[in-house]
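Taking it in order: structure first as structure tokens, then the write-up.
If you're wondering where the values come from, they're calculated on a predicted model, not measured in any experiment. In the text below, chain A, chain B and the rest are named by the order of the sequence lines, each starting its count at 1.
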Protein chains: 2
Amino acid sequence: MEAEDSMKPWIRGIATYTPGRTVEGAVKLSSNENNYGPSPKVIETLKGSVPSIYRYPYKDELVRVKTAEYAGVAPENVIIGNGSDELIDLIVKTFRGPSLGVYPSFSEYGIVSATNGMEYDEVQLKGDFTFPLEEFLKAADKANLLFLCSPNNPTGNIISPKDIEEVLNLGKPTVVDEAYYEFSNKTSLSLLPKYDNLIIIRTFAKAFALAGLRVGYAIASPEVISLIIRTKPPFNVNNLAQEAVLTALDDLEYMRDCVEKIKADRSILEKAISNKFKVFPSEANFLLFDTSPLSAQDCFNKFLDKDFVVRAFGSFKGFPGEYVRVTVGTSSENEILFAALEDL
Amino acid sequence: MEAEDSMKPWIRGIATYTPGRTVEGAVKLSSNENNYGPSPKVIETLKGSVPSIYRYPYKDELVRVKTAEYAGVAPENVIIGNGSDELIDLIVKTFRGPSLGVYPSFSEYGIVSATNGMEYDEVQLKGDFTFPLEEFLKAADKANLLFLCSPNNPTGNIISPKDIEEVLNLGKPTVVDEAYYEFSNKTSLSLLPKYDNLIIIRTFAKAFALAGLRVGYAIASPEVISLIIRTKPPFNVNNLAQEAVLTALDDLEYMRDCVEKIKADRSILEKAISNKFKVFPSEANFLLFDTSPLSAQDCFNKFLDKDFVVRAFGSFKGFPGEYVRVTVGTSSENEILFAALEDL
């Protein structure tokens, strides 16, 4: 077989995703997980559900109903995916390209566009990482599918409601990735009745501490959901993930308690980092900072010497300095981290 | 937003998958699951792993190595997917279309082609459900990606090694779906060194009883795997699925014991069904039979009256009669099923 003749022409050009590192024995602050772990009720439910793993998942509709209730929308407004990664894929499958996002942001918008043979363009954020509305609106002329991330990963800041509405006014399918919604408590949901081109995606990976089980959801108009759902694989979300979500949504108090602790610790950590580095304000469960005069790699290594794994981004093309992102872990992890920072 | 202008033109035409039904309180024989359930060691491992579900999955490479060892190939020959459903999607993303399969067979080849905007054609099996080699080779002229399923779902029969080799000789990327491999003990793996266009897909859903956790794998040449893997999402397989596979592969004896019992019971069940209906020989964990003079729906209802859920296919276009597929459950489920059959 001549691979070049058989494969789609864009396959060799696809860049792959670099996940946050895991180092045995070190505290992981590299993937914006919730280090408090899942609700004890979720753990209990899952232990009881394990024997049923030989059955194909069949609670998709129940998860949809309960997730819709949590989000304050109707089940017809919701689709459940194998993480929001899969929802990005289903959205790219559904709508025409080219797609457009900003830089730096979550790299999966571009990667998933590429795996689907869709052209992806990106507009550089302003120097302070705020949203470049004029440039984005201009670039959107050539795009059909738009990706916004608010709070933005890895910069942590939100896009203003006014800017989001300006983008929605273009009338093009527009994804607003709210993976960190519970930490910002800001959402574009109130725009949904007015804009049937709005698609919000969220996840149970962050505040709900279910990253390993892979569950995300999208919220959009019933018409848009009815299109995206046609591309959904029948058994995309595994059955333990379904059970975990159903129970996690019965214990919102636990999630909210985690979020409050993480937000409080984020403030303390931001201040501690600011004694050494330029740190950017964040409405998510992580902080980005400019590692100058250190390189990002040197900074990563110094944290690793103290048994903390952070995420080194290095330089962002078009921006000064080099950058590291650190997840806000538990309060006790933070205590040790402060001491490590002093010593850095 | 004008949905018709924004969406890809094929979206409204996608047919969706119909899963096997689940009825509370009835024995499920509709989805070819292994009703013995997973190995007790898997259950024990998972209960211990539950607290770590807040971490993104990170054992993909370990699962790959261990799965390769089980299959008798190198890790570079293997890719792990969120069920073989996802592997079909990644393969369709990687290779050019149109795609080609047979009918009746697993409907996901056509559905996944459609969600990716790929034209899919199918060739009708012969009257006795055997593989129509000449017609397939002829239709393959216009196709670039070929799907074979052996043992075939829902007919249960295998495609002869000679026919598979004739198809491989076309030099086009050819998927051989061996989801039921452990029950047939027949594989095209020995053809891999000679045919770099061969892609075998298998699953942990059937013999290993992990349907709910969604894990499948593909085996192909390192070059082909290196292409497909570029389309793989970073966290496609959830972390409990990874733990389950690692432990299941440490307890092959349990899996083989299930397979032997199911094969023995398949023979007994085949004989029992043949007293009433025309049943087709199967090398998988299910049996297909012609429900004449009953309709498939009547037959389904009569089984449901006895608290068994089977899979009603109705009529296959171009074939006489109507058809029902029944999974071979546990020996004790079979005992009750025999009595129900007598009474039908």
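A pairwise comparison of heavy atoms in Thr94(A) and Ile11(B) identifies O-CG1, 3.5 Å as the closest pair. When all heavy atoms of Pro57(A) and Ala211(B) are compared, the pair lying nearest together is CD-O, 4.1 Å.
Comparing Leu210(A), Asn82(A), Asp85(A) by heavy-atom pairs within less than 4.5 Å of chain B, the highest count is held by Asn82(A). Of the listed residues (Lys172(B), Glu223(B), Glu86(B)), the greatest number of heavy-atom pairs within a distance under 4.5 Å of chain A belongs to Glu223(B). Ranking Asn34(A), Thr16(A), Leu90(A), Leu170(A) against chain B, the residue ahead of the rest is Asn34(A), based on heavy-atom pairs under 4.5 Å. Contact count versus chain A (heavy atoms, under 4.5 Å) is highest, among Pro233(B), Pro38(B), Ala205(B), for Pro38(B). Of the listed residues (Glu108(A), Met7(A), Glu33(A)), the one with the most heavy-atom contacts under 4.5 Å to chain B is Glu33(A). The greatest number of non-hydrogen atom pairs below 4.5 Å with chain A, out of Phe208(B), Tyr54(B), Trp10(B), is found for Tyr54(B). Top candidate by heavy-atom pairs under 4.5 Å with chain B, chosen from Ala244(A), Gly171(A), Pro234(A), Pro173(A), is Pro234(A).
For Asp89(A), the part sitting under 4.5 Å from any heavy atom of chain B is the side chain, from C-beta outward, and nothing else. With a threshold of 4.5 angstrom between heavy atoms, Phe235(A) approaches chain B through its backbone and through its side chain. For Tyr56(B), the parts lying under 4.5 angstrom from a heavy atom of chain A are both the backbone and the side chain. The contact between Lys206(A) and chain B is made entirely by side chain atoms (from C-beta outward), counting heavy-atom distances below 4.5 Å. Interface residue Val224(A): only side-chain heavy atoms are found under 4.5 Å from chain B. Both the backbone and the side chain of Thr231(A) come within contact range of chain B, judged by heavy atoms closer than 4.5 Å. For a residue to count as touching a neighbouring chain, one of its non-hydrogen atoms must lie under 4.5 Å from one of that chain's; by this rule Gln242(A) does not touch chain B. At a 4.5 Å heavy-atom cutoff, the contact between Asn197(A) and chain B is made by backbone and side-chain atoms alike. Both the backbone and the side chain of Asp196(A) come within less than 4.5 Å of a heavy atom in chain B.
Annotation: the span from Lys232(A) atom NZ to Ile111(B) atom CD1 amounts to 12.0 Å, rounded to 0.5 Å. Once rounded to the nearest 0.5 Å, the distance linking OG of Ser52(A) with CG of Leu213(B) reads 8.5 Å. Here Leu240(A) contributes atom CG and Leu46(B) contributes atom CG; the two are 7.0 Å apart, rounded to the nearest 0.5 Å.
Using a distance-only test at 3.5 Å, with no hydrogens or angles considered, a donor-acceptor pair links the side chain of Arg230(B) to the main chain of Arg12(A).
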TODO: Could you please spell out the steps behind the side chain to side chain contact (heavy atoms under 4.5 Å, CB included) verdict for Asn116(A) and Lys93(B)?
DONE: CA-CA 6 Å; Asn116(A) 283 283; Lys93(B) 280 191 173 114; 3.3 Å; yes
Task: side chain to side chain contact (heavy atoms under 4.5 Å, CB included) between Lys28(A) and Arg55(B), intermediate numbers included - done: CA-CA 9 Å; Lys28(A) 191 178 173 208; Arg55(B) 292 282 177 225; 3.7 Å; yes
- [ ] Could you walk me through whether Glu44(B) and Lys47(A) pass the salt bridge (Lys or Arg N to Asp or Glu O under 4.0 Å) test, one step at a time?
- [x] CA-CA 9 Å; Glu44(B) 195 184 347; Lys47(A) 285 182 176 173; over 6 Å; no
TODO: Give the intermediate values and the outcome of side chain to side chain contact (heavy atoms under 4.5 Å, CB included) for residues Ile43(A) and Ile53(B).
DONE: CA-CA 9 Å; Ile43(A) 293 176; Ile53(B) 54 171; 5.5 Å; no
TODO: Determine, stepwise, if the pair Arg214(B) / Arg214(A) fulfils side chain to side chain contact (heavy atoms under 4.5 Å, CB included).
DONE: CA-CA 11 Å; Arg214(B) 320 302 302 123; Arg214(A) 320 301 301 122; over 6 Å; no
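Under the 4.0 Å criterion applied to side-chain N and carboxylate O atoms, Glu2(B) and Arg96(A) are not assigned as salt-bridge partners.
Atom CD of Glu165(B) has more than 12 heavy atoms from other residues, nucleotides or ligands within 6.0 Å.
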